[in-house]
Each structure stands twice: as C-alpha cells, then as structure tokens.
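Here the structure is a predicted model, which is why all the values come from computation and not from measurement.
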Amino acid sequence: MKKQHLTYLRRTIGIASSIKVGARMFEIIGKMKAGKIPVYQMIRDIVCDSRFYCVVEDDLFWKNYATAVIRHFIDSLSSEDWENEEQRTGKKEDFLNAWLSKHILPLNVEEKKRIAKSMQLTAGDSGKPIPLGEDCMDGTGEQSEEGQDVQIESGITDKSDSPDKIGESLPEDIANYAQSSKGSSPGMETESHRAEAEYLKQLDPTIVELAKQIGRSGGMNHVVSGKFQSASRSDISGVTIGNDLNCLLPSELALLGAKSTENLFYQRYVQNRLQLFSSASHSFEVANDKSGPIYICVDTSGSMTGTPEVAAKTLALAVAIVAQRDRRPICMITYSHNLSFFILTNLHRQRKKFLAFLSHSYDGGNNENKLFYFIFKKLPSISKYRLFANAFKGADILIISDFIWSYISNENMQLIQKARNEGMKFYGLGIDVREHQLDASDNPNKYNDEIRDGYTFLKQCDYRYLYENGSVFEYIEKPLVL
C-alpha cells in the first residue's frame, strides 16, 4: 500500500473508532481530501460500514489492528479485482462479513496479546499485516472443526463453536441442503448460494415471505411523500402490506361493505396489515424499513417431537438464510428445561456448525422463564457477550412453539414490556395451533392454565402466525360484532 493510502486509512479508522455514527462519520470522511481512485473509495466503504466500525474500540490496539487487517486485504486484491467492480465488491462484502463474525464477541486479553505479537505492534507503526481470521480458519476458508461448548451457567450453553458433527435428526429437506452446500472454500460461494435458493424454492411462498418480514418491523410501512400517482398495470410489482388507502386491494375494500367485517378492516388498518398493491415507481417513499438483528427462539420440549420439530427446523433455517442475505446477525436459541444458543453472523463460514446445532433432537419440559431471563438479564451481564447484547438491543424476536407453556413470571413480563417499549417486536409462530383454539383460549372452562398461558402470550405478540399443512398464515383475532 502506498504511503498516502496508508495515511488516509489511519485517519479514517481514527474517526470511525471515535464517532461510530454512520451518517455523521461518512460526512466527515467524505470531506477529507483524497484522490478520486478506487482504493480511497474502498477504504471509505469499509470503514464507514456498520459491520466494521461497530466492533472497533477507540484505543491504540484496535486502531493499529484494524489498519493492519484492512491494509492486508487491500494489498491482496489483484489488478483483475481493481478492473472488475463487481468482483471487487464481492470480496469487500466477504471481508466485512468475516470481520463482523470474528469480532462481534470481544477479544480476550490472550487473543489481544497473540495478535499484538504476530503484528509486532508499536505506537508508531501498524506492524506486519496478517490475514483476517488466520487463527480460526482452515485451508478451505471455513472455520476449523475443533471447538467446544461454552457453559455459561447451569442449563445455559453457548454452542456457537461446538464441533460440527451433524446429527441424524435433520429433516430430509435440510439434509439435502447440507449435502448440496458443502462448498465453503473461496470461489465456492456461488454453489452455496444456489443451494440456498433451491432450499427456499421448495418451501411454500408464505414461509419465505414471513422470513423476509422478520427483523423489519413486520414489513414495510409506507409513508406517502406526495400525491400518489395511479399505477399502470406495468407499474404494479406485486402485493405488500401496510395502511396506505390509495393502494388497497379490492378484497380489502370489500370488508367495509359488510357490518360483520367492518371492524376487521379497522383492526388491520391500525396494525398496518392491509393488503396493498406494491408499485415499482417512486411515487411514494419507504420509511422505517428496519433490517436489524433477530432472535429465533425454538421450543425444543417433548411436545414438539415429530412433525412440529420438522416444521420448526425448516422455518428456522429459512429465516436464517433470508436474514443472512441482508447481513443480519442472528442469535438462535433452543430451549426446554435447558437452553442452548448459537450466534450466527456469517452463514457461509458457520454453515456446518449451524446445521449441527439444528440437528439436535427435542425432549424435556418447558421453561420459558429461563428463555426471557437469558435474553434480558443474563446475556447483557456477561462481559464477553456485552457488545453482542448491545448490538441486539431492540432486535426483533421470533418464537416458534406449540405454546403449551409454563407460567411466565411478573418480572419477565415486565422485562418483555420494557423491551417492546424500546422497539422490540415479538413474532409468535404457532405450530399445531388452530384458529378456533386461540379464539376460545379466553374461556376458563375450555383449556387448563398451561395451554391458556401460552395461547394468551401468542395472542399478545405484535405479529401472530400459525403453521398448518406446510404453509404459514397470519392469525387475526375475530373482532367483536357491535
């Protein structure tokens, strides 16, 4: 790297580590005098990306370490890469995903010492450049198979780095996906992406649509930024949801025509759940489209054994694939009387370990209190996971369960309400739960407390879905007829 490029890199990293706010940071860095050549643009794109600066601390070690790693990456680009923008951008995306995956959990003292020694860091020199992740990558570009569970406390285990031995309880569709997506070495990304596309293609479209909505506050909320221009046939690109009355489907408008369905229309309007024509034109803006991290919580109690287990794993993998396409990190939690979790930041590198995590069989009783205690109390209290917990603050949460639950304590209900007030959205996906069962759940003579508690929680979620016969549909509580 040329001296002027290295100087520019150090200055941008210094700004990023101290400001850590994308728009303001990009504005400052954008005003820095730099030549109009691709290397400067590459430095700006990397340093101003939230995947990079969210984990960089404002100290000498991190500044020198980040400088060395980015310097190595840029020096590794060939003349062909610099001539091919698409190829160069792809490598940049792989670099950023690898950086986030490696550093979303803080480095411990020993790791910092090892890195400092390998780079020979000094106050005035960036040291010897080293490749990102050389300590945890094997020759194929994938995480090495060696690893172990991390016991957080009794009954809570981090399996993000467990041995990637895939069990025999994977559903056939997922097993086929695992077989066809083995390639994780450099140059094999296309094969993996093709396997992901094939997996999603064989699922019911409603499952994929739900996966797209999770982490985006239930889809896109349309805010009209001027007079709506009527769309021509060629301008209509599909169907979406929201509350823009200019774009209503005729079937939704028909709800206003009958007294028995009028309240249903108003309920969907308030919840931004009316079906709308989506337009390919820019006649309105999309606002508040949140693409954030996701908690996926899967009930692994004995009552989920069999078909519910297959459905839960199928849905969880679909959500993971779609979320990772948008570079959204995931914390997947499986819980019964015990709890295990897996932090997924790069499906390409972590595929084997993630599928191994999915392959565990289901058994045991329920302990939803441990689930919410872990998310809202335990995880943020551990220094190793504090940065991760902060990154997931306000993340949306998907709970896949049959909702035959234990009683949730008042303390946990208060934590849940606090999280909702801070922006967290709860998605409930009922497996083997029927509409008529939810409709009757308020009847104390119909169900015992265990079922009624779970069904009540599901009905209180921001978005409620039911899985039946291979497809997903939204549950809309029947309105009272006035």
State plainly whether the residues Glu86 and Lys91 are in salt-bridge range, i.e. N to O under 4.0 Å. no
Charged N to carboxylate O below 4.0 Å: is that the case for Glu198 and Arg194? no
Quick check for you: to the nearest 0.5 Å, what is the distance between Asn412 atom CG and Ile375 atom CD1? 9.5 Å
Would you say the ring centroid of Phe341 lies under 6.0 angstrom from that of Phe374? yes
If you take the centroid of each ring, where Trp contributes its six-membered ring, are Phe342 and Phe354 closer together than 6.0 Å? yes
Would you say that more than 12 heavy atoms from the other residues, nucleotides or ligands in this model lie under 6.0 Å from the CD of Glu153, or not? yes
Whether over 12 other heavy atoms sit under 6.0 Å from Glu85 CD: no
Can you confirm whether the side chains of [X] and [Y] place a donor and an acceptor under 3.5 Å from each other?
X: Gln41; Y: Asp45; result: yes
X: Asp81; Y: Ser78; result: yes
X: Asn366; Y: Glu368; result: yes
X: Tyr427; Y: Arg464; result: no
X: Gln417; Y: Arg420; result: no

Hey, can you tell me if Phe457 and Trp405 have their rings parallel, tilted or perpendicular (30° and 60° cut-offs)? tilted
Do the rings of Tyr40 and His5 sit parallel, tilted or perpendicular, given the 30° and 60° boundaries? perpendicular
Result of checking Leu347, Leu398, Leu344 against Ile330 for side-chain contact (heavy atoms from CB on, under 4.5 Å): Leu344
Would you check, one step at a time, whether the test salt bridge (charged side-chain N to carboxylate O under 4.0 Å, His left out) holds for Glu196 with Lys201? CA-CA 9 Å; Glu196 292 170 1; Lys201 185 178 179 181; over 6 Å; no
